[in-house]
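Accompanying notes for the structure given below.
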2 protein chains.
Amino acid sequence: MSQHRPPGAPERPVAVPALPDLPEATVARLPEYLRALHNLAENGHDTVSSEWLATAAGVNSAKLRKDLSHLGSYGTRGVGYDVALLIDQIEYVLGLTQRRTVALVGVGNLGHALAGYDGFATRGFRIAALFDADPVRVGEEINGLVVRHVDELSRVATEESIAIGVIATPAAAAQRVADRLVAGGVTSILNFAPCVLSVPDGVDVRKVDLAVELQILSFHEHRKASLTALPAVGEAPLTPLPGNLAATDPQEAIGT
Amino acid sequence: MSQHRPPGAPERPVAVPALPDLPEATVARLPEYLRALHNLAENGHDTVSSEWLATAAGVNSAKLRKDLSHLGSYGTRGVGYDVALLIDQIEYVLGLTQRRTVALVGVGNLGHALAGYDGFATRGFRIAALFDADPVRVGEEINGLVVRHVDELSRVATEESIAIGVIATPAAAAQRVADRLVAGGVTSILNFAPCVLSVPDGVDVRKVDLAVELQILSFHEHRKASLTALPAVGEAPLTPLPGNLAATDPQEAIGT
DNA sequence: CGCGATTTGTGCGTGTCTTCACAAGCGCTT
DNA sequence: AAGCGCTTGTGAAGACACGCACAAATCGCG
């Protein structure tokens with residue numbers, strides 16, 4: 001329990017002894033708040049109002065207050081939130097007070113980039129091992145880590161107490177990698193492969209599919225285009241669309 | 001409905017003339033269904049039941065049926081859904097019947113990987129231009145595309161009718177890039193930079209933050225650890241955790 | 001010491017999402 | 001042609017999330 005409270009509150013014992021169970025939507029927003037708070041702290045602010053923080057995080061202030069209220073009452077009415085205290089609380093709740101070790105499987109195109117992504121290290125995660133199935137890649141050194149063969153995955157995961165496994169392999173290999181991660185005791189997986197993983201209860205999987213994001217955007221593009229093509233709706237384009245962006249274009253205004 | 005069947009249309013009618021406005025949650029799942037359907041089609045299946053497809057997509061079958069019902073009635077009771085027809089419908093709704101052009105800004109660590117990611121091309125997106133602010137990188141050729149300077153962004157975006165902008169720059173540069181994309185007429189942005197973008201109404205932004213995903217997983221790790229530390233809950237580990245996977249990690253098992 | 005300005009924390013109405021359960025519909029078999 | 005099994009599509013209920021609006025609490029100032 002790193003919770004050093006140097007000058008702070010000797011009154012208050014350990015602040016958050018029990019882990020409250022937060023709504024999932026709240027959990028997903030806490031990292032965003034945390035990032036905004038770190039920015040504030042770097043700029044010398046020591047308190048912040050919900051309004052300010054909400055704007056910085058891109059959410060409604062009422063939502064932010066409700067989210068933070070789930071952690072406990074760490075604000076001061078009439079003043080705002082203590083930035084440093086709030087950072088501590090959120091980091092504690094998110095389990096970031098201890099550095100978690102990450103194993104990255106698949107050092108292809110994407111995996112290579114992830115291995116070099118410093119956003120992980122700067123936010124409390126340490127990539128502890130790299131794996132790949134391709135013998136050509138095994139032995140390669142990336143960012144000071146040697147790529148191991150995926151056959152060693154389970155053993156190494158156990159030995160190194162890997163907390164989180166990141167799968168950046170082709171879809172065809174992802175399930176087997178997941179199985180090995182689970183066999184190695186890993187209970188959290190971040191999956192970049194475009195496929196559904198089946199894992200036993202108690203193992204959390206989050207999926208990031210880059211193409212899916214584009215497809216969602218594509219839908220909105222499609223919808224927006226079909227709206228501008230039907231001027232019936234009371235939706236006038238605010239900005240004068242550049243050029244002759246065909247209003248009633250059969251192929252949806254791509255023609256130009 | 002406007003069911004205007006253009007002379008070109010063969011047997012199969014164009015089916016969905018008007019774009020239904022779908023729940024956002026449904027839109028987010030459609031790409032997953034689509035991927036599962038393509039897998040089925042490759043394996044020779046021509047019909048599929050909601051149960052099967054739901055399993056393949058990792059969702060509840062009732063949810064899947066309700067999602068698909070928003071597109072219209074394209075299933076056959078007692079039989080299931082026609083795979084090819086459903087693919088067509090989903091692709092149409094998602095606006096994938098036309099290839100959308102993508103501009104990628106920031107060819108650093110992550111951007112480089114995205115530029116080479118074939119998952120975009122295989123799913124109907126074409127990366128049409130690369131940009132970076134670093135003069136050293138400008139002129140470099142990646143995957144057959146020459147990196148241009150970000151100053152050209154607005155102009156090129158307009159000229160090439162870029163539909164989607166992908167931001168893979170450091171956070172500090174992201175807002176300015178977004179502004180330039182908007183100025184170039186781009187109305188959909190996929191943001192990998194860890195910051196909030198402010199854009200005018202009518203512009204859609206989706207954010208992917210790799211570190212946030214890890215932090216969410218970290219929370220669940222933390223919660224799971226605090227649960228195993230309190231055996232009061234009726235939650236017994238199903239699988240005998242392999243080896244000496246520190247069940248009572250001193251740093252994690254708070255109370256004990 | 002009291003008052004007003006300010007900001008948090010939250011009760012509550014509203015809307016969205018999820019899930020269950022079942023009627024309606026389809027094809028196959030007899 | 002009628003019955004039967006199977007699957008879709010959907011009404012309804014529950015769960016969850018959101019945002020308003022306001023009471024409660026705190027600070028600063030006269």
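Chain A is the first sequence line, chain B the second, and so forth, proteins listed ahead of strands; every chain is numbered from 1. In what follows, every heavy atom counts, from backbone to side chain, and hydrogens, waters and symmetry copies are set aside. Computed from a predicted model, the values in this text were never measured in an experiment.
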Candidate nucleotides D:dC18, D:dA17, D:dT10, ranked by approach to the side chain of A:E24 - the nearest
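Shortest atom-to-atom distance from the side chain points to D:dA17.
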Among the nucleotides D:dA21, C:dG27, C:dC17, which one has an atom lying closest to any side-chain atom of B:V79?
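Ranking D:dA21, C:dG27, C:dC17 by closest atom to the B:V79 side chain puts C:dG27 first.
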Nearest-angstrom distance from the residue atom [atom1] of [X] to [atom2] of [N]:
X: B:R29; N: C:dC17; atom1: CZ; atom2: P; result: 8 Å
X: B:L64; N: D:dT10; atom1: CG; atom2: P; result: 14 Å
X: A:D82; N: D:dT26; atom1: CG; atom2: C1'; result: 15 Å
X: A:D21; N: D:dC16; atom1: CG; atom2: C1'; result: 14 Å
X: A:H70; N: C:dG9; atom1: NE2; atom2: C1'; result: 11 Å
X: A:L68; N: C:dG9; atom1: CG; atom2: C1'; result: 11 Å
X: A:L22; N: D:dC16; atom1: CG; atom2: C1'; result: 15 Å
X: B:R65; N: C:dA24; atom1: CZ; atom2: P; result: 16 Å

Regarding D:dG9, can its base be found pairing with the side chain of B:K66 as donor and acceptor, where the two atoms are less than 3.5 Å apart?
no
If you look at every strand shown and take non-hydrogen atoms under 4.0 Å, does A:A25 touch a base, only sugar-phosphate, or nothing?
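Sugar-phosphate contact only - A:A25 comes under 4.0 Å of backbone atoms but never of a base.
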Both A:G78 and B:S50 contact DNA chain D. Which one's nearest nucleotide lies toward the 5' end?
B:S50
I want to confirm an ordering. Mapping B:G80 and A:D67 to their closest nucleotides on DNA chain D, which one lands closer to the 5' end?
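On the 5' side of the pair lies B:G80.
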Quick one: is [X] getting a side-chain N or O under 4.0 Å of the [N] phosphate, OP1 or OP2?
X: B:S49; N: D:dT7; result: no
X: B:Y74; N: D:dT7; result: no
X: B:R77; N: C:dC28; result: no
X: B:N60; N: C:dC20; result: yes
X: B:K63; N: C:dT19; result: yes
X: B:T76; N: D:dT8; result: no
X: B:S73; N: D:dG9; result: yes

Salt bridge A:K207-B:E32, side-chain N to carboxylate O under 4.0 Å:
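Here A:K207 pairs with B:E32 in a salt bridge, since their nearest N and O are under 4.0 Å apart.
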As a test of understanding, state which of B:L96, B:V27, B:D204, B:I90 forms a side-chain contact (heavy atoms from CB on, under 4.5 Å) with A:F219.
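Looking at B:L96, B:V27, B:D204, B:I90, the match for A:F219 under the side-chain contact (heavy atoms from CB on, under 4.5 Å) is B:V27.
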Side-chain donor-acceptor contact under 3.5 Å, B:H220 with B:R223:
yes
B:T97 and B:E91 side chains, donor-acceptor separation under 3.5 Å:
no
Using 30° and 60° as the class limits, which term best fits the ring planes of B:H222 and A:Y92: parallel, tilted or perpendicular?
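Rings of B:H222 and A:Y92: perpendicular, over 60°.
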Identify the two heavy atoms, one from B:L85 and one from B:Y74, that lie closest to each other, and give their separation to 0.1 Å.
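So the minimum-distance heavy-atom pair works out to CD2-CD2, 4.0 Å.
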